[in-house]
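Letters A, B, ... are given to chains in the order of the sequence lines, protein chains preceding strands, and every chain is numbered from 1.
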There are 2 protein chains.
Amino acid sequence: MYGSERSRSASHQSYEMLRDKILNGELQGGTKIVEEKIAAELGVSRTPIRESIRKLEYEGLIVNKRVVKPTEKDLRNMFQVRILLEGYSAQCAASYIKEKELEELLACVEIGRNGEVEEIMKANERFHEIIVQSSNNPVMIDIIDRMQSTIYLFRKTVVFYNRPHLIDEHEQIYEAIKERDGQKAEQLMKSHLQADLEFCLHLIG
Amino acid sequence: MYGSERSRSASHQSYEMLRDKILNGELQGGTKIVEEKIAAELGVSRTPIRESIRKLEYEGLIVNKRVVKPTEKDLRNMFQVRILLEGYSAQCAASYIKEKELEELLACVEIGRNGEVEEIMKANERFHEIIVQSSNNPVMIDIIDRMQSTIYLFRKTVVFYNRPHLIDEHEQIYEAIKERDGQKAEQLMKSHLQADLEFCLHLIG
DNA sequence: TACATAAAAATTGTATACATTTTTTTATTT
DNA sequence: AAATAAAAAAATGTATACAATTTTTATGTA
């Protein structure tokens, strides 16, 4: 259904193009973003480009007309928030998650063990996504989402590693949720994310 | 110093004007926002108006070209996040707050007891602000800030009441922080905000 | 060389005009 | 009278032009 979707507005196309280029590193941190240059590149006027840039500014991917270059401190700050919100989401999930999602969590763990690199990465992202969604709180989901791109940007270089124990930790979280033990699920999620942060900082710093 | 500040760009002026009108109720929830109308009102072109509208959209004050009309569910969702983040901030404050800020917290409590209505309202806001700031986490501060306007919008009609025990609760939180008891401060902050939410919902629903 | 300053260039902010889409109104049919 | 389609109007999206600002470069001086 989605595949056949009509192409959206110029500003939206520009937004997606810029975001992708930032996330995949084609536009490196610190690069100056000049409206006219982007406009020429896409063959449109500056007007829609400006809107797309504003949007990326609100998302934190562009700061002061430059591609963001998140510092360690930025990453720590985001993770601090993420740990609080995803930890809480895990607790909610233990109470509210449905059988279907529970099965999908398990599937993610299994792909994490036996899948191809690309699959594994997707499954790991999906694992967190399912839990966050199950908070059933659009405000919370939104906040986590918005931080996601900057976090991804920071750990770009790390992402092809697979941290030791990562899948084991996912499995433990899954078990806790399955047993409907909210406290445990929250605690496990928090230390999982903490370990993730530290691995990330260690590799880079 | 700030008083004599140069007037900012048209889009920023427009942003402030619209935001204020929304917050003080001059533009009611559900009101359609039409670019040309606003532009004519301010005597500028649509271009800067569009930017200001986008900004308000990101802040959640405009949704689908209409002034937002937050539902009870929205308020609950925001408070859920706010309780997590401000609770945590209170914990941090217990560890890190400086003498000067502690004194200011106490001053807020005292104004809450003896001040004029306007002063009290300001002091109560300031009380929370100090604690949030002391988290020392710009990401966290930003998120709380962004929710603030929508929360304010919702409780506009409530704001001139002063909930019973509100100041007592502030004082207890202050005491816990002063005693450097992070767990207690967090717990007190959480129930304080929970009570606030319920008072608000009760008055309106 | 290092620093300040003026001129030039580049970039962003805003106005206006037109194209496209969405909403409202009106007309038509059942 | 209700439902539908066609037409008109309104509103938004985009392009272009110009004004204001910021950044860069060139130039002169200590």
Chemist: Heavy atoms from C-beta onward define the side chain here; which of dT12(D), dA15(C), dG13(C) lies closest to that of V44(B)?
Modeler: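 Looking only at side-chain atoms, V44(B) lies closest to dA15(C).
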Chemist: Here's a test of your reading of the structure: between P48(B) and K32(B), which maps to the more 5' nucleotide of DNA chain C?
Modeler: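 Final value for this comparison: P48(B).
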Chemist: Quick one: which of dT14(C), dA11(D), dT14(D) gets closest to the side chain of R46(A)?
Modeler: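 Within the option list, the nearest is dT14(C).
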Chemist: Could E36(B) and R46(B) be called an ion pair, given the rule that one side-chain N must be under 4.0 Å from one carboxylate O?
Modeler: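 Here E36(B) does not pair with R46(B) in a salt bridge, since their nearest N and O are not under 4.0 Å apart.
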Chemist: Given dG13(D), dA15(D), dT14(C), identify the nucleotide with an atom nearest to the side chain of S9(A).
Modeler: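 Nearest to the side chain of S9(A) among the choices is dG13(D).
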Chemist: Look at S45(A) and dA15(D) and indicate whether a side-chain polar atom (N or O) is within less than 4.0 Å of OP1 or OP2.
Modeler: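 True: S45(A) side-chain N/O within range (under 4.0 Å) of dA15(D) OP1/OP2.
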Chemist: Examine H128(B) together with H192(B) and report whether their ring centres are nearer than 6.0 Å.
Modeler: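 They qualify: ring centres under 6.0 Å apart.
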Chemist: Could you check whether I33(B) gets within reach of a base, just the sugar-phosphate, or nothing at all, counting any heavy atom under 4.0 Å?
Modeler: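 Sugar-phosphate contact only - I33(B) comes under 4.0 Å of backbone atoms but never of a base.
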Chemist: Quick one: is dG13(D) close enough that its OP1 or OP2 comes under 4.0 Å of any side-chain N or O from S11(A)?
Modeler: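 For S11(A), the contact criterion (side-chain N or O under 4.0 Å from OP1 or OP2 of dG13(D)) is not met.
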Chemist: Looking at dG13(C), I'd like to know if its phosphate oxygens (OP1 or OP2) sit under 4.0 Å from a side-chain N or O belonging to R54(A).
Modeler: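 For dG13(C), OP1 or OP2 has a side-chain N or O of R54(A) closer than 4.0 Å.
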Chemist: Which nucleotide sits closest to the side chain of R50(A): dA15(C), dT11(C), dG13(C)?
Modeler: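 So the nucleotide nearest the side chain must be dG13(C).
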Chemist: As a test of reading the structure: which of dT12(D), dG13(D), dT14(C) is closest to the side chain of V34(B), going by heavy atoms?
Modeler: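 Side chain of V34(B) sits closest to dT12(D).
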